[in-house]
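Counting convention: from 1, in listed order, for ligands and their atoms alike. Values below: every heavy atom of this structure, side chains too, minus hydrogens, waters and symmetry copies.
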Amino acid sequence: MFVSFCTSLLIELSIFATLATSLDVTISVTAPTSAATISTSLVSFSLEQDRWTDFSGTTARNQFFFNVLDNLKQLTGSPPNIRIGADSEDHTNFNPNVQFSQTIFPAISSTFPYPEATNITVGDTYYQTAKFLPPGTHVVWGVNFGQNNITAATLEATSIAKAFKTSDITNAGISLDAIEIGNEADLYKSNGDRASSYTSTQYTKEWTTFATQVISAAGITSSSHTKLWGAAFAGSSTTTTGFSPQAIFSEGILSSTPGALISTISQHHYSGSFCSGSGGLLQDLMTKSTIRGNLTTFKPDITATRAKGLDYVLGETNSYSCHGAPGVSNAAGAAIWGLDYLLFATQIGISKVFFHEGIGYKYNAIQPATLTRSITDGSTLSPPLAPHVQPLYYAAVIAAEAIGNSGNTHSVELALNDTSISGYGFYEGTKLVRAVLINSKAFLKADTSARTTTHINLKFTGTAPTKATVKRLAIGRADDTSGVKWGGQTYETSDGRASGAITTQSISVADGVDISETEVIMLSFT
Ligand SMILES: *[C@@H]1O[C@H](CO)[C@@H](O)[C@H](O)[C@H]1NC(C)=O
Ligand SMILES: *[C@@H]1O[C@H](CO)[C@@H](O)[C@H](O)[C@H]1NC(C)=O
Ligand SMILES: *[C@@H]1O[C@H](CO)[C@@H](O)[C@H](O)[C@H]1NC(C)=O
Ligand SMILES: *[C@@H]1O[C@H](CO)[C@@H](O)[C@H](O)[C@H]1NC(C)=O
């Protein structure tokens, strides 16, 4: 009995061993010339401005929000860039008598437990709370173009510029990189902000009129630090017909006086729109090929933008619109998606990725305020939920750690002949320092078979390092919404700071390394 049990166990083990796959990865020890330069602010955030002061704080800093941004600054040397605006930027009026802001919200629903305000009125102090951001933060702020009220845009631009001249902000080295004029103007023809026949030609003309007032109000010139962001469209036709960077270039936007002050083209992107979720949807989000499909769509735009000498960013992005799909956007698998999305973006000329965040949105990396109702169905939370990070935050941490604080990091995607595993090499100057491997196969709560593991054979071109330190992103199941740990540490703490001892594994590179479904590993070479 005992013998036969052992025998069958051995047979099972040997079957198991034959099922375990192995994969070769070849890493160059010196940076290939194709390696992309990576910004220390690759990980950036876009904030819905109706509840901006819930992020920043009003009369005192929101220490939780500060801490979770500062964690990233400690890893790369630069805090994330912050863009404030989005849909509510086009519903904002200015009134000098308003302290901070006044907001009117629509009724809540189970699909939209945290809807955007329909009316926002702000005063000078609203913009001045930018002083609570981490020192050195670069900010982009949006002004109202959707409501076609040039008074609103001009008063907002004046107040923004005034805020960034206050000593609290300048002493902290917090700077206004740009003003954005209008959010997703390509949707105005369907959301009622303009006629249904609205074209990019009309847009370019109106934008130029608004921008002329905005640069004058904010003192934006060719010699000022502050510039303008262009486009900020929800989608792109990727041709000169319809709304795209190419279209507005061909319509002469850059040769207008304010258009010559555009520093950056901002593109918005979501991988889809789902108001309810499923495991299949989570796998679809995480899948290597869909991530590449979603991003490579913009290659023509990036080429056209770079050809004009402008920067190109995803100025508002996240997994699924509708503020995220429940059980998907807020799940651990979103960290796998987010990391591959961030790192692949660098490979095609996207310099920064601004993950969009609102208060109580399902796709947030950061929930900076106490929540009184469920983000997934609007039901009352008793007790309320204190500020916390969601799984996507770990993608930000890992990307920041991979970039490091050299200020001179380059990255290449590693060629991996596998539909679920992707990898990137990181170089400081030309020297290989780290590699990140991502296994995007979703291991879900419903999966009853064993979690599979792939053995990675590490090969090098150039003199191979002998040792590496391995750090792992530990996820129970891809559809878990908490309990994630990076190198043994959790960021799911009341102050947003990492807690727990760092755990790593030391390996001989000749032995290779294993990676499981729904796992990330970082190799550091010494
Ligand atoms: C235009 O904007 C100003 C300032 O935000 C506001 O006071 C005014 O009510 C707006 N006008 C309309 C017609 O909405
Ligand atoms: C909200 O703004 C709209 C214009 O977008 C205006 O028609 C409406 O009166 C405002 N509502 C309130 C309550 O101020
Ligand atoms: C974008 O990703 C989603 C999954 O999140 C996928 O369904 C869709 O097909 C992708 N789009 C492209 C253009 O690859
Ligand atoms: C890639 O993997 C497939 C199947 O796993 C295999 O048939 C193919 O030969 C591999 N290609 C290379 C270049 O190794």
- Message: Taking 4.0 angstrom as the limit and counting only heavy atoms of Y320, give me the atoms of ligand 3 inside it, by number and element.
- Response: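 Checking each atom against Y320, I get 4 (C), 5 (O).
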May I have the N/O to N/O pairs between ligand 1 and the protein that fall below 3.5 Å, each with atom names and distance to one decimal?
{"residue": "ligand 1", "atom": "2 (O)", "partner": "N93", "partner atom": "OD1", "Å": "3.1"}
{"residue": "ligand 1", "atom": "2 (O)", "partner": "N149", "partner atom": "OD1", "Å": "3.3"}
{"residue": "ligand 1", "atom": "2 (O)", "partner": "N149", "partner atom": "ND2", "Å": "2.3"}
{"residue": "ligand 1", "atom": "5 (O)", "partner": "N93", "partner atom": "OD1", "Å": "2.7"}
{"residue": "ligand 1", "atom": "5 (O)", "partner": "F94", "partner atom": "N", "Å": "2.9"}
{"residue": "ligand 1", "atom": "11 (N)", "partner": "N149", "partner atom": "ND2", "Å": "2.9"}

- Task: Begin from the C-alpha positions of Q246 and D301 and carry the test side chain to side chain donor-acceptor pair (under 3.5 Å) through to its verdict.
- Result: CA-CA 7 Å; Q246 299 85 307; D301 304 29; 3.2 Å; yes
- Please determine if K352 and D311 form a salt bridge, counting it only when a charged side-chain N lies under 4.0 Å from a carboxylate O. yes
- Indicate yes or no: does K459 engage D24 in a salt bridge with an N to O separation below 4.0 Å. yes
- May I ask you to check whether Y203 and D186 show a side-chain donor-acceptor distance below 3.5 Å?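 No.
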- Message: Which label fits F355 and W337: parallel for a plane angle under 30°, tilted from 30 to 60°, or perpendicular past 60°?
- Response: tilted
- Message: Students often mix this up, so state it plainly: with edges at 30° and 60°, are the rings of H356 and Y361 parallel, tilted or perpendicular?
- Response: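 Tilted.
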- Message: Can you tell me if W337 contacts ligand 3 (heavy atom of the residue under 4.0 Å from the ligand)?
- Response: no
- Task: Check whether NZ of the Lys or CZ of the Arg R194 lies under 6.0 Å from the centre of the six-membered ring of F145 and within 45 degrees of that ring's axis.
- Result: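 Yes - R194 lies over the ring of F145, closer than 6.0 Å to its centre and within 45° of its axis.
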- Report yes if N294 has an N/O atom closer than 3.5 Å to an N/O atom of ligand 3; otherwise report no. yes
- Task: Say whether T297, considering both its backbone and side-chain N or O atoms, lies within less than 3.5 Å of an N or O atom on ligand 3.
- Result: no
- List the steps, then state whether side chain to side chain donor-acceptor pair (under 3.5 Å) holds for T121 with Q102. CA-CA 5 Å; T121 310; Q102 289 171 354; 4.9 Å; no
